[in-house]
Participant: 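Quick one: this structure, given as structure tokens, is what I'll be asking you about.
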2 protein chains.
Amino acid sequence: MRNYYTPGEVAERFDLTLDTLRYYEKAGLLRRVDRSPSGHRRYRSDDVELLNMIRCLRDTDMPIARLREFAELIREGDHTVPDRLRMLQSHQERLNERIAEMRACQAVIEHKIDYYLGVLAESSPDPLKETP
Amino acid sequence: MRNYYTPGEVAERFDLTLDTLRYYEKAGLLRRVDRSPSGHRRYRSDDVELLNMIRCLRDTDMPIARLREFAELIREGDHTVPDRLRMLQSHQERLNERIAEMRACQAVIEHKIDYYLGVLAESSPDPLKETP
DNA sequence: GCTTGACCTGGAGCGCGCTCCAGGTCCCAT
DNA sequence: ATGGGACCTGGAGCGCGCTCCAGGTCAAGC
């Protein structure tokens, strides 16, 4: 029973390419990952756990640079928990703002959709009762 | 009484730079804008109206290429209303999906925040009743 | 022994959406 | 007449986040 994950497994699990996975490591989002005797990477379950977080944060547009900061805090040890907490909390706030912004845009777009629907209704009115 | 807007006015109104405004024009998001005798741009109110839509769509991550398609439909005339409608509707759907995705990520992040709060609570428990 | 496939490396390249620049024109106020 | 400010042009450059590549190693199965 293996206690590690191969690059292929990890890539598939998070829907990342091998290139991206290596890029994340180079960029400092992951520690230097363990290797098999032949040099292949072996991801531990805590790497995978971190990647899960990374994917969430990336998917919500946290830039790589900030992700690296976060990862560095983790590597520095338990005394950085308050800083990590602050990072996550402020990210949540930004996210709330972003979602609100998107909702506002949606409203404007919806308005335009209604307008277009109106235009169509007028140009081709009730097909059973055409205007004379 | 002027019936046009200067580049500076438009840029400020939509919080864009003059460069971006010109870029949008080059990219085909705007028609070739009118000019003053001295060559300065003069935006009409329908340009401004379109820009308002463009800003909404860009702010919700519609790529420039798709925006150009949309703008071209407008230029082609009223018979493209159904196509425009479809574009906006499918954009709204994508947006809903995107927002749902972000909410899902937020839940994961919130979970982590709670975990960190737990860690902190444990490492520095009730300050008035320290563990012996 | 040979092929296949998964993985390795360092480094170059790319697509997107701007952003910046040099050098110029025009107009208005001092 | 001079200076400042708003704007013009074409084209180069940039930051980000990957993505691709050539050339190589290794392990397992036929």
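Residue numbers start from 1 in every chain, and the chains themselves are labelled A, B, ... in the order their sequence lines are given, proteins ahead of strands. As the structure is a computational prediction, the values presented were derived from the model and not from experiment.
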Participant: Give me, pair by pair, the N or O atoms of the protein and of nucleotides 28-30 of chain D that are less than 3.5 Å apart, along with how far apart they are.
Facilitator:
none

Participant: I'd like a list of close polar pairs between nucleotides 24-30 of chain C and the protein, N/O only, cut-off under 3.5 Å.
Facilitator:
none

Participant: Give each protein N/O atom lying under 3.5 Å from an N/O atom of nucleotides 18-23 of chain C, with the pair distance.
Facilitator:
| from | atom 1 | to | atom 2 | distance (Å) |
| --- | --- | --- | --- | --- |
| C/dC18 | OP2 | B/Tyr24 | OH | 3.1 |
| C/dC18 | OP2 | B/Arg58 | NE | 2.9 |
| C/dC18 | OP2 | B/Arg58 | NH2 | 3.4 |
| C/dC20 | N4 | B/Asp19 | OD1 | 3.1 |

Participant: For A/Asp19, give me all partners under side chain to side chain donor-acceptor pair (under 3.5 Å), at least two apart in sequence or on another chain.
Facilitator: A/Arg22
Participant: Please figure out whether A/Gly39 or A/Pro63 has its closest DNA chain D nucleotide nearer the 5' end.
Facilitator: A/Pro63
Participant: In whole angstrom, give the distance that lies between atom CZ of B/Arg32 and atom C1' of D/dC8.
Facilitator: 12 Å
Participant: Considering non-hydrogen atoms only, spot the tightest contact between B/Gly28 and B/Ala71 and give its length.
Facilitator: O-CB, 3.6 Å
Participant: Which of residues 42-49 of chain A sit near DNA chain D, with a heavy atom under 4.0 Å from it?
Facilitator: none
Participant: Rounded to the Å, how far apart are A/Leu18 CG and C/dT9 P?
Facilitator: 11 Å
Participant: B/Arg66 CZ to C/dC16 C1': how many Å, rounded?
Facilitator: 14 Å
Participant: Within the 4.5 Å heavy-atom criterion, are B/Tyr5 and B/Ser45 side-chain neighbours or not?
Facilitator: yes
Participant: CG of A/Asp34 versus P of C/dC7: gap in Å, rounded?
Facilitator: 16 Å
Participant: For the side-chain contact (heavy atoms from CB on, under 4.5 Å) test, which of B/Val10, B/Ile54, B/Leu51 pairs with B/Leu16?
Facilitator: B/Leu51
Participant: Check each of A/Met62, A/Met87, A/Met53 against A/Leu67 using the side-chain contact (heavy atoms from CB on, under 4.5 Å) test, and report the only one that passes.
Facilitator: A/Met62
Participant: Can you list everything that forms a side chain to side chain donor-acceptor pair (under 3.5 Å) with B/Glu69? Sequence neighbours excluded, please.
Facilitator: none
Participant: Tell me: CG of B/Leu67 to C1' of C/dC16, nearest whole Å?
Facilitator: 13 Å
Participant: Is there a salt bridge (Lys or Arg N to Asp or Glu O under 4.0 Å) between A/Asp47 and A/Arg13 once you walk through the steps?
Facilitator: CA-CA 13 Å; A/Asp47 294 321; A/Arg13 171 141 165 196; over 6 Å; no
Participant: With sequence neighbours left out, what residues match A/Ala11 under side chain to side chain contact (heavy atoms under 4.5 Å, CB included)?
Facilitator: A/Leu18, A/Leu21
Participant: Salt bridge (charged side-chain N to carboxylate O under 4.0 Å, His left out): which pairs involve residues 79-92 of chain B, sequence neighbours left out?
Facilitator: B/Asp83-B/Arg86
Participant: Distance check: side-chain N/O of A/Arg35 vs OP1/OP2 of D/dC26, anything under 4.0 Å?
Facilitator: no
Participant: Taking only heavy atoms on the protein side, list every residue of residues 4-15 of chain B lying under 4.0 Å from any atom of DNA chain D, sorted numerically.
Facilitator: B/Thr6, B/Pro7, B/Gly8
Participant: Identify, with sequence neighbours excluded, every residue that meets side chain to side chain contact (heavy atoms under 4.5 Å, CB included) alongside A/Arg68.
Facilitator: A/Leu29, A/Ala65, A/Glu72
Participant: Would you say B/Glu25's side chain and B/Val33's backbone share a donor-acceptor pair under 3.5 angstrom?
Facilitator: yes
Participant: Can you list the residues that meet the side chain to side chain contact (heavy atoms under 4.5 Å, CB included) rule with A/Asp114, with sequence neighbours excluded?
Facilitator: A/Glu110, A/Leu117
Participant: Just to verify, what does B/Ser38 make a side chain to side chain contact (heavy atoms under 4.5 Å, CB included) with, not counting sequence neighbours?
Facilitator: B/Ser36, B/His40
Participant: Taking all non-hydrogen atoms of both residues, which atom of A/Cys56 and which atom of B/Cys105 are closest, and how far apart?
Facilitator: O-SG, 3.7 Å
Participant: Taking side-chain hydrogen bond (donor to acceptor under 3.5 Å, both in side chains) as the criterion, tell me which of A/Arg55, A/His91, A/Arg98 meets it with A/Thr60.
Facilitator: A/His91
Participant: Taking CG from A/Leu21 and P from C/dT9, how many angstroms apart are they, rounded to a whole number?
Facilitator: 12 Å
Participant: Nearest-Å distance, CG (B/Leu16) to P (D/dC7)?
Facilitator: 14 Å
Participant: Begin from the C-alpha positions of B/Arg58 and B/Asp15 and carry the test salt bridge (Lys or Arg N to Asp or Glu O under 4.0 Å) through to its verdict.
Facilitator: CA-CA 13 Å; B/Arg58 274 299 302 139; B/Asp15 197 26; over 6 Å; no
